[in-house]
2 protein chains.
Amino acid sequence: MRTDNKIEPAIRTRHATNRAADRILAAARDLFYKQGIRAIGVDEVVRKAGVTKPSLYRSFSSKDELAATYLRQYDHDFWEHFEESVKAFPGDPRAQILHFLEGVARRSQKPRYRGCGMTNAAVEYPEPDHPARRVSEENKKELRRRLRAMASAMGARDPDDLGDGLLLLLEGAYISAQLFGPDGPSRSLARNAELLIEASLRG
Amino acid sequence: MRTDNKIEPAIRTRHATNRAADRILAAARDLFYKQGIRAIGVDEVVRKAGVTKPSLYRSFSSKDELAATYLRQYDHDFWEHFEESVKAFPGDPRAQILHFLEGVARRSQKPRYRGCGMTNAAVEYPEPDHPARRVSEENKKELRRRLRAMASAMGARDPDDLGDGLLLLLEGAYISAQLFGPDGPSRSLARNAELLIEASLRG
DNA sequence: TGACAATGTTACCGATCGGTACGTATAGGT
DNA sequence: ACCTATACGTACCGATCGGTAACATTGTCA
């Protein structure tokens with residue numbers, strides 16, 4: 001396997017055995033998300049994956065690249081999830097975003113919830129050129145773009161302000177969930193978003 | 001800049017006791033805030049402080065305790081700053097919180113801004129019993145209490161929801177500032193808070 | 001069966017991690 | 001001048017960090 005890693009769901013023509021790389025990525029995903037990237041060493045990743053260190057470095061050029069791959073997968077899953085809410089309410093951006101935020105709020109009630117892996121990674125790696133941070137920043141820029149577009153489609157007086165406001169609430173919910181646990185402010189995410197949307201529409 | 005004690009025939013009274021500890025704490029404060037606690041080793045702290053490692057461990061029992069002390073100082077400065085906004089508009093909680101949020105938004109425009117040291121530390125240390133996280137959680141709990149109380153004093157329909165909404169916006173601004181830089185969503189923090197407050201008041 | 005690629009095994013690297021034993025230098029009080 | 005207390009520095013600790021070299025083993029397909 002190459003050291004150039006994309007999110008490539010085992011379409012390997014010959015062998016379907018990406019087993020080692022997949023197990024490593026699955027282990028990294030769990031450990032990195034729950035405990036943080038810096039807190040987890042590569043030894044712990046390979047131990048949990050049931051493989052050895054050379055196997056990791058055959059599939060990933062470095063720990064940083066493994067972290068970036070973990071985030072690329074996170075990005076993929078995030079948008080998949082986001083699109084579900086979009087498709088659930090065609091042509092109704094207000095219902096779309098509210099449905100999505102309700103989902104985040106619901107999930108943030110789970111006891112082991114640790115917020116957004118992207119956001120957390122950006123906090124862990126402030127250096128602008130770190131591969132993990134690059135993925136995270138790209139994801140957030142696209143999210144901002146989408147939210148502003150949805151705010152515009154809702155007919156907001158100032159779409160950029162509303163889109164940014166919704167993003168602030170969302171990011172706040174991600175962080176608050178891991179700070180306060182199940183009974184934190186994230187519970188009222190959708191309610192506050194609804195109020196903010198109402199107050200931002202024309203008329 | 002070199003602050004060698006040979007060149008400087010300073011008053012090495014027993015105030016020198018605090019000097020090493022103060023220099024260490026000042027160095028730790030700067031490094032921990034800008035680069036993260038896990039990213040900075042104790043060697044780097046003492047090097048920046050111009051002291052040696054044993055000096056650190058004479059004043060702080062461990063790196064974790066140094067981090068907790070850094071956050072306790074952060075907590076003190078935070079509330080000092082918060083109280084300034086409160087005192088600037090006596091009896092007007094709406095103006096108080098808006099003034100505070102405007103200050104956060106203004107500061108978040110500065111290029112090296114890295115959000116809230118408390119929030120960042122909580123992301124870096126998910127373990128509930130870590131000394132740094134304990135300080136952070138306590139600070140956030142008190143902040144939530146204050147915001148809810150202010151929302152109540154404003155006459156909000158549902159004070160807890162509004163207080164939590166303002167907290168979501170604030171935490172979102174902390175995070176967004178370091179994710180997006182000066183032109184990020186944090187710019188619209190006060191505007192969105194104002195809208196949310198308006199929409200949350202009775203009548 | 002033979003070729004080949006993926007994976008495992010073992011041992012190792014230099015650097016850095018947080019932390020400390022122990023001797024030295026300097027102060028103030030007498 | 002001397003004593004004592006204490007701040008400070010030198011040198012070091014074992015553990016762990018991310019990462020690698022060299023070779024053995026396995027499974028799959030031609």
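Order of the sequence lines sets the chain letters (A, B, ...), proteins ahead of strands, with each chain counted from 1.
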Bend angle of the helix from dT1(C)-dA30(D) to dT30(C)-dA1(D), from helix axes over five pairs at each end, nearest 10°: 10°
Holding to side chain to side chain donor-acceptor pair (under 3.5 Å), I want the full list of residues that pass it with [X], two or more places apart in sequence or in another chain.
X: Glu83(B); result: Arg146(B)
X: Lys141(B); result: none
X: Lys63(A); result: none

Presence of Ser55(A) side-chain N/O under 4.0 Å of dG8(C) phosphate oxygens OP1/OP2: yes
How many Å lie between [atom1] on [X] and [atom2] on [N], as a whole number?
X: Leu56(B); N: dC8(D); atom1: CG; atom2: P; result: 12 Å
X: Asp64(B); N: dG18(C); atom1: CG; atom2: P; result: 9 Å
X: Arg19(A); N: dA5(C); atom1: CZ; atom2: C1'; result: 15 Å
X: Asp22(A); N: dA6(C); atom1: CG; atom2: P; result: 14 Å
X: Lys53(A); N: dA21(D); atom1: NZ; atom2: C1'; result: 13 Å
X: Phe60(A); N: dG18(D); atom1: CZ; atom2: C1'; result: 15 Å
X: Glu65(B); N: dG19(C); atom1: CD; atom2: P; result: 11 Å

Listed nucleotide nearest any side-chain atom of Tyr57(A), set dG8(C), dG19(C), dG18(D): dG18(D)
Please list, pair by pair, any protein nitrogen or oxygen found under 3.5 Å from a nitrogen or oxygen in nucleotides 22-26 of chain D.
none

Please name all residues satisfying ring pair (Phe, Tyr, Trp, His ring centres under 6.0 Å) with [X], sequence neighbours left out, ordered by chain then number.
X: Phe60(B); result: none
X: His76(B); result: none
X: His81(B); result: none

Salt bridge present between Arg72(B) and Glu65(B) (N-O < 4.0 angstrom): yes
Residues Arg94(B) and Glu194(B) bridged, charged N to O under 4.0 Å: yes
With sequence neighbours left out, what residues match [X] under side chain to side chain contact (heavy atoms under 4.5 Å, CB included)?
X: Ser85(A); result: His99(A), Phe100(A)
X: Lys53(A); result: Val42(A), Asp43(A), Val46(A), Tyr57(A)
X: Arg144(B); result: Phe180(A), Pro185(A), Arg148(B), Asp164(B), Leu167(B)

DNA chain D contacts among residues 27-47 of chain A, heavy-atom distance under 4.0 Å: Ile40(A), Gly41(A), Val42(A), Asp43(A)
Lys63(A) (side chain) and dG18(D) (base): donor-acceptor pair under 3.5 Å: no
